[in-house]
Each structure stands twice: as structure tokens, then as C-alpha cells.
There are 2 protein chains.
Amino acid sequence: MNHKKDKNTADDFGAKIQCFVDLCRDRGLRVTPQRLAIYKALVNSDEHPSAEMVYEKVRGSLPTISLDTVNRTLLTFSEIGAAFVVEGSGGARRFDAGLDNHQHFKCVKCNRIIDFHHEPFDDIELPASIDGRFTVSRKTVYVEGLCELCQSH
Amino acid sequence: MNHKKDKNTADDFGAKIQCFVDLCRDRGLRVTPQRLAIYKALVNSDEHPSAEMVYEKVRGSLPTISLDTVNRTLLTFSEIGAAFVVEGSGGARRFDAGLDNHQHFKCVKCNRIIDFHHEPFDDIELPASIDGRFTVSRKTVYVEGLCELCQSH
DNA sequence: TGATAAATAGGAGTAGCTACTATATAGGTG
DNA sequence: CACCTATATAGTAGCTACTCCTATTTATCA
């Protein structure tokens, strides 16, 4: 279930890297030592790191790498599908008066957050592994994509 | 369905404000003109504003208010339950290699993001109002609360 | 109405990007 | 297999979104 709990076997790991290299070539991206190191650091992390966290890891093998390269590279990865940005993270904190039950759709282009309401989502049943282990204060369905204004470009 | 589509009637609005005033008093918080103005701006907004956006609105009636006050006040509101922070917003961008289907639990105290996997969540059915209107690139169940380490304090 | 604990304004400091430019290099080509 | 060139990188500067601090103001209660 937890795909990162134990160290990946050498074969697993090699396969993932090969996959990644193929993906880069496929998209016409060069396979640089920086990109490889950043990808490895990301795959070997189980904390959903920020750019800063990846930067600290990668500096072990590439001491002169810059934080900007790490950030840019991680964004590039999310464009080619080698990684993704954890939902809602990044950018300014947003507030909601929370007057009614609703869920959020976020446009990844213009950053608008649009409410919608689908009753079945109002009371999601969490598995016991979560409910028992953590104190849950909020659970919701979260949707991302392009809003109607931004898709017409 | 969309609770903010039309202007609230004067009565609705008055009731909300009264509710808010009662809540403040209940929690021993003073009802200041700043707090009222900020709350009104939030309730009348349908964009899930950032502190900056609320700041711009409130400056109309309180030209000398500071951004820090707006930020601090909005956070106070979320502590007393008069508002809440939109899931995942705020803080640094976080990355995920996305090798398996999984959902995220975020600890609001230590900011760790912990994977969990519950198969029924892998393919959530969105209502037609969303699927038809937007280009959806990502949909997930998102859970927030206190992790096992942080609840023991 | 006066006292006081709480709240605010303003400014300084910090984190996390983001844009820019000169240098370096991956990978195709002859 | 050395060269060429478009792509990528390092380093720096600038910007946004907070966050912390302190002096001043003010909502509330006696």
C-alpha cells in the first residue's frame, strides 16, 4: 500500500529511472545530471518535498546546483508528467467564509477557486487506517483543471 | 446551490453579521470595526480571497488598515470557526513523484503530507456540472488534521 | 467615565519563489 | 569522434506573501 515505506529494490529503482529517461527523450528534454539527481531525490523521498527540501538533498551529490534549477526542474517534471504538484500547495493562503457545504474546483491557470456542491461528497467515509490514526478536522473532494474561461486558448 | 451567486438579501446578511458578532463575544473577542469590515468583505466575496484581496476591498471603508491586520484577523476567524483556510493553500509548493494511486493527508501543525490509499477514492465520479463545464486534470480526496505525532501535545 | 487588557498600524525581516543573463553542456551532425 | 547549437544551468537580483515587533489606540467592563 505505501509504495515508499521500504527502500525500493535496485531493480525497481533502475526501472523507474529508465522510465524517466525514456520520458525525457520522448519529450525532447535533455537528460542532465541535475535532472537525474533531482528525480532520484524526489522518488526516494516520502515527504512530498518542497523545492527547498529537494535542493538540500541534491546538494550532496551536486554541490554547486542552484535552488532555482531545482524549482524550475520540478515544474518541468510536472509538465511532462514525471511528477505533480500536491493539490493546492504553493501560492497565497486563501480564505472561505464556509457558510454552506461545498467543494472546491481550482483553475490551475488563473488560480480562481470555484465552489461547487455535490451532495454525495458532503460526508465522505474515510478508511479506518486514517480515522483511527489521525485527528481529522477536514475532508473534502478537491478538483483541479482549467476553468471555462481558460480552456478557450 | 451556489450560495453566493446572487446578492444576499439584507436580512440574510444582517443575520450572518449578527451570528458573527455573537460568535466573537462568545469567544471573548472584541468586535472591532476592522473585524466587521473584514468579515463582511469575506462573506460578500465569491472568489475565496487571499489576505491581499480582502485588504484591497477593506481599504475602501478603512483606508488606514494594514495588511498584517487583515492577515492576522483572517487567521483568527479560522481559529474561532468564522472562516477557514482553503485546503492546501499557503506555504511552499510540494511535489510528488506520483508513482501510485494515493490520496493525501496533511498535518496542519507540522505540515507533513502523508500518503494513504483507499481504493474507492481512486475513481471519484464528478457531477455533470463540473465534468461538462471544466477540463478536469486532477480530482482527489484531501484530508487535513493532526498526525499521530502532533496530537500527543 | 476611566482603567486596562486587547487590538491595531506601521515598519522591518524572512521564506519562497521568479525573472534575467552569462556560461556551460547534451546530443545530433558531418 | 570532434564540433556545433539549441537547450540547460548557476548566480544574482527582485518580488510576493507573509510574520514578527513595538508603540499607539480602543472596545469593553467596573
Side-chain angles (χ1 to χ4, degrees), chain A residues 20-39 41 47-59 61-80 82 85-86 88-95 108-111 113, chain B residues 20-39 41 47-59 61-80 82 85-86 88-95 108-111 113:
Chain A
F20 168 72
V21 170
D22 291 347
L23 184 61
C24 283
R25 294 248 153 81
D26 214 54
R27 303 302 188 98
L29 292 183
R30 292 184 181 169
V31 180
T32 64
Q34 289 87 343
R35 285 184 175 156
L36 272 175
I38 290 167
Y39 187 74
E47 305 195 72
H48 304 289
S50 62
E52 179 71 32
M53 292 169 185
V54 173
Y55 175 59
E56 288 305 328
K57 279 196 173 196
V58 169
R59 286 175 78 178
S61 53
L62 298 169
T64 66
I65 200 168
S66 72
L67 175 58
D68 180 47
T69 296
V70 174
N71 225 324
R72 205 171 5 81
T73 301
L74 286 168
L75 289 174
T76 304
F77 289 176
S78 70
E79 274 167 28
I80 65 170
V85 175
V86 172
S89 66
R93 191 160 39 209
R94 306 286 285 267
F95 295 90
V108 295
K109 197 164 177 188
C110 69
N111 284 330
I113 294 169
Chain B
F20 169 71
V21 170
D22 292 346
L23 184 62
C24 282
R25 295 248 153 82
D26 213 53
R27 304 300 188 100
L29 291 182
R30 292 183 181 169
V31 180
T32 63
Q34 289 86 345
R35 284 184 175 154
L36 272 174
I38 291 167
Y39 187 74
E47 304 195 72
H48 304 289
S50 63
E52 179 71 31
M53 293 168 185
V54 174
Y55 176 57
E56 289 305 331
K57 279 195 173 197
V58 170
R59 285 175 79 178
S61 52
L62 298 169
T64 67
I65 199 167
S66 73
L67 176 58
D68 182 47
T69 295
V70 175
N71 226 323
R72 204 172 5 81
T73 300
L74 288 167
L75 289 174
T76 303
F77 289 176
S78 69
E79 273 166 30
I80 66 171
V85 176
V86 172
S89 67
R93 193 160 35 209
R94 305 285 286 268
F95 295 90
V108 294
K109 196 164 174 186
C110 69
N111 284 329
I113 294 169

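Letters go in sequence order (proteins before strands), and every chain restarts at 1.
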Study note, to complete from the structure: In whole angstroms, the gap separating P of dG27(C) from CG of Asp26(A) amounts to 14 Å
Point to revise | Degree of bending, the helix from dT1(C)-dA30(D) to dG30(C)-dC1(D) (end axes from five pairs; round to 10°) | key: 30°
Might you list the N or O atoms of the protein lying below 3.5 Å from N or O atoms in nucleotides 26-30 of chain D, with each pair's distance?
from    : atom 1 : to       : atom 2 : distance (Å)
dA27(D) : N3     : Arg30(B) : NH1    : 3.3
dT28(D) : OP1    : Arg25(B) : NH2    : 3.2
dT28(D) : OP1    : Val31(B) : N      : 3.0

Review point. Under 4.0 Å: is that the gap between some side-chain N or O of Arg72(A) and OP1 or OP2 of dA8(D)?
Key: no
Point to revise | From OG1 (Thr76(A)) to CD (Glu79(A)), nearest 0.5 Å | key: 5.5 Å
Check your understanding: Quick one: does Leu75(B)'s side chain get under 4.5 Å of Arg93(A)'s, heavy atoms only?
Key -> yes
Exercise for review: Take atom CD of Glu56(B) and atom P of dA17(D), then tell me their distance rounded to the nearest Å.
Suggested key: 11 Å
**Study point:** Close side-chain approach of Phe95(B) and Val85(A), heavy atoms under 4.5 Å
**Key:** yes
Practice item. Go through Tyr55(A) and Ile38(A) one step at a time and tell me if the side chain to side chain contact (heavy atoms under 4.5 Å, CB included) criterion holds. Key: CA-CA 8 Å; Tyr55(A) 175 59; Ile38(A) 290 167; over 6 Å; no
Review point. Quick one: does Leu36(A)'s side chain get under 4.5 Å of Val21(A)'s, heavy atoms only?
Key: yes
Which protein N or O atoms sit under 3.5 Å from an N or O of nucleotides 13-17 of chain C?
from    : atom 1 : to       : atom 2 : distance (Å)
dC17(C) : OP1    : Arg93(B) : N      : 3.2
dC17(C) : OP2    : Arg93(B) : N      : 3.4
dC17(C) : O5'    : Asn71(A) : ND2    : 3.2

Study note, to complete from the structure: Rounded to whole Å, the CZ-C1' distance (Phe95(A) to dC18(D)) equals 10 Å
**Study point:** Sequence-distant partners of Arg59(A), salt bridge (charged side-chain N to carboxylate O under 4.0 Å, His left out), two or more places apart
**Key:** Glu56(A)
Exercise for review: Check the distance between dT9(D)'s P and Arg59(A)'s CZ and give it to me in whole angstrom.
Suggested key: 17 Å
Check your understanding: To the nearest 0.5 Å, what is the distance between CD1 (Ile65(A)) and OG1 (Thr73(A))?
Key -> 6.5 Å
Exercise for review: Answer yes or no: does a side-chain N or O of Ser66(A) lie under 4.0 Å from OP1 or OP2 of dG11(D)?
Suggested key: no
Check your understanding: Taking CE from Met53(B) and P from dT16(D), how many angstroms apart are they, rounded to a whole number?
Key -> 14 Å
Revision key, fill the gap. Contacts of Arg35(A) meeting side-chain hydrogen bond (donor to acceptor under 3.5 Å, both in side chains) (sequence neighbours excluded), chain-then-number -> none
Check your understanding: So, Ser89(A) side chain and Arg94(B) main chain: donor-acceptor pair closer than 3.5 Å or not?
Key -> yes
Practice item. Supply the atom-to-atom distance Leu62(B) CG to Thr69(B) OG1, rounded to the nearest 0.5 angstrom. Key: 10.0 Å
Check your understanding: Of all residues at least two apart in sequence or in a different chain, which pass the salt bridge (charged side-chain N to carboxylate O under 4.0 Å, His left out) check with Arg72(B)?
Key -> Asp68(B)
**Study point:** Donor-acceptor pair under 3.5 Å, Asp68(B) side chain vs dC20(D) base
**Key:** yes
Point to revise | d(CZ, Arg35(A); P, dT25(C)) in whole Å | key: 15 Å
